[in-house]
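Contents: one structure, followed by commentary.
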Amino acid sequence: MNKQTLAVIDDDLAVRQSLLWLLETPGLVVSGFDSGEGFLAQGSDAANFNCLIVDLRMSGISGIMLLEKMAQWPYCPPVIMLTAHGDVPHAVAAFKLGVADFLEKPFDDARLLALVDECLARDVQERERYQRRVRVAEALATLTEREREVMQHILTGLLNKQIAEVLSISMKTVEVHRARVFDKMGVKSAVELAGVITVLDEAGSKA
């Protein structure tokens with residue numbers, strides 16, 4: 001089984017080293033960064049990690065600012081935010097940016113470990129949904145303009161004959177386009193096609 005990875009981003013050396021020691025296990029690779037800039041400058045992509053632990057107040061890029069930058073990336077794993085100065089406005093901002101939880105220092109080790117386990121499990125599910133969306137988007141990109149038109153009419157429930165009439169083409173041509181759409185999208189029916197497209201619709205609704 002591939003090891004899962006976690007990044008600790010905290011400018012407090014003692015806290016960072018303590019977290020690295022606490023979290024290091026045979027099945028988890030933990031990397032430490034002393035700042036948000038350090039995390040970004042070393043070419044670290046959030047998608048390469050299965051969980052992030054981020055300090056709220058750091059010199060330079062704050063935890064909230066780092067979250068805002070990562071929110072623009074295609075995929076970001078679950079984030080646990082830590083702070084010694086927790087307050088409601090920062091907590092609200094963090095949760096709006098999708099943070100998994102917000103813990104005040106000093107935190108309970110058992111609570112943090114439990115949260116990490118929850119985030120790692122959550123990442124497995126969210127990463128699969130993200131990868132599925134990527135596959136669907138890539139498949140959609142292979143459709144011709146006419147195939148997209150036929151697909152849209154299939155999704156509205158029109159029969160081949162009706163689609164042919166709407167597009168002023170032969171039913172045989174519709175059948176050919178329909179077959180190509182199903183093949184490229186990896187489905188065998190209109191119902192399956194609708195299910196696949198729903199993956200992208202759900203992503204859009206969360207944006």
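Start at 1 with the first residue, then count along the sequence. Please read all numbers here as calculations on a predicted model, not as lab measurements.
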L56 CG to L82 CG distance, which is reported to the nearest 0.5 Å: 9.5 Å
Common cluster, V54/L19, ILVMFWY with side-chain heavy-atom separation under 4.5 Å: no
Determine, step by step, whether M151 and I197 satisfy the side-chain contact (heavy atoms from CB on, under 4.5 Å) criterion, reporting the C-alpha distance in whole Å, the side-chain angles of both residues, the deciding distance to 0.1 Å, and the verdict. CA-CA 10 Å; M151 182 185 72; I197 298 302; 4.2 Å; yes
Might you work through the side-chain contact (heavy atoms from CB on, under 4.5 Å) test for F33 and L52, ending with a clear yes or no? CA-CA 11 Å; F33 299 89; L52 302 176; over 6 Å; no
List the steps and the verdict of side-chain contact (heavy atoms from CB on, under 4.5 Å) for L66 and V79. CA-CA 11 Å; L66 184 58; V79 176; over 6 Å; no
Look at the side chain of R148 and the backbone N and O of L140, then say whether any donor-acceptor pair between them is shorter than 3.5 Å. yes
Backbone of L6 reached by a side-chain donor or acceptor of N50 within 3.5 Å: no
Which atom pair, heavy atoms only, marks the closest approach of M185 to V196? CE-CG1, 3.9 Å
Single-linkage hydrophobic cluster, 4.5 Å side-chain cutoff, I64 and L103 together: no
Any donor-acceptor N or O pair under 3.5 Å, side chains Y130, D123: no
Would you confirm whether T198, through its side chain, and A194, through its main-chain N or O, come within 3.5 Å as a donor-acceptor pair? yes
Of all heavy-atom pairs between G32 and L20, which one has the smallest distance, and what is that distance? N-CD2, 3.9 Å
Can a donor-acceptor pair be found, under 3.5 Å and without considering hydrogens, that links the side chain of E192 to the backbone of S189? no
Do the non-hydrogen side-chain atoms of E118 and D101 ever get within less than 4.5 Å of each other? no
Any sub-3.5 Å donor-acceptor pair from D11's side-chain atoms to S59's backbone N or O? yes
Gap between atom CD1 of I163 and atom OG1 of T173 - 0.5 Å precision: 12.0 Å
Taking it one step at a time, do E37 and K69 satisfy salt bridge (charged side-chain N to carboxylate O under 4.0 Å, His left out)? CA-CA 11 Å; E37 292 93 334; K69 288 181 177 293; over 6 Å; no
Between L115 and M81, is there a shared hydrophobic cluster once you connect ILVMFWY residues whose side-chain heavy atoms come closer than 4.5 Å? no
Interatomic distance, CG@D12 vs CZ@R57, rounded to 0.5 Å, equals 14.0 Å
Interatomic spacing from CG in L13 to CG in D34 - rounded to 0.5 Å: 9.0 Å
Answer yes or no: are there more than 12 heavy-atom neighbours, outside K184 itself, under 6.0 Å from its atom NZ? yes
Between E126 (side chain only) and P77 (backbone N and O only), is there a donor and an acceptor less than 3.5 Å apart? no
So with a 6.0 Å cut-off around CD of E145, is the heavy-atom count from everything else above 12? no
Report the distance from atom OG of S31 to atom CG of L23, rounding to the nearest 0.5 Å. 11.5 Å
Is any NZ, NE, NH1 or NH2 atom of the basic residue among D55 and R16 found under 4.0 Å from an Asp or Glu carboxylate oxygen of the other? no
Checking Q162 against T156 for the side-chain contact (heavy atoms from CB on, under 4.5 Å) test, could you report, in this order, the C-alpha distance in whole Å, the side-chain angles of both residues, the deciding distance, and whether it holds? CA-CA 11 Å; Q162 295 170 312; T156 63; over 6 Å; no
Under 4.5 Å between side-chain heavy atoms, hopping through other hydrophobics if needed: is there a path connecting V181 to V174? yes
Would you say V166 ends up clustered with L143 if hydrophobic residues are merged whenever their side chains have heavy atoms under 4.5 Å apart, either directly or through other cluster members? yes
May I ask you to decide if the ring planes of F49 and F39 are parallel, tilted or perpendicular, using 30° and 60° as cut-offs? tilted
At what distance, to the nearest 0.5 angstrom, does CZ of F107 lie from CD1 of I80? 9.5 Å
Matching residue for I154 among H177, R178, E149 - test: side-chain contact (heavy atoms from CB on, under 4.5 Å): R178
Identify the two heavy atoms, one from D10 and one from K105, that lie closest to each other, and give their separation to 0.1 Å. OD2-NZ, 3.0 Å
If you take all heavy atoms of V29 and E24, which pair is closest and at what distance? CA-OE2, 4.1 Å
Taking the side chain as C-beta and beyond, is there a heavy-atom pair between V15 and V8 under 4.5 Å? no
A190 versus F182, closest heavy-atom pair with distance: N-CZ, 3.6 Å
Compare every heavy atom of T142 with every heavy atom of E138, then report the nearest pair and how far apart it is. O-CG2, 3.4 Å
Which residue, L167, N160, L158, forms the side-chain contact (heavy atoms from CB on, under 4.5 Å) with V150? L167
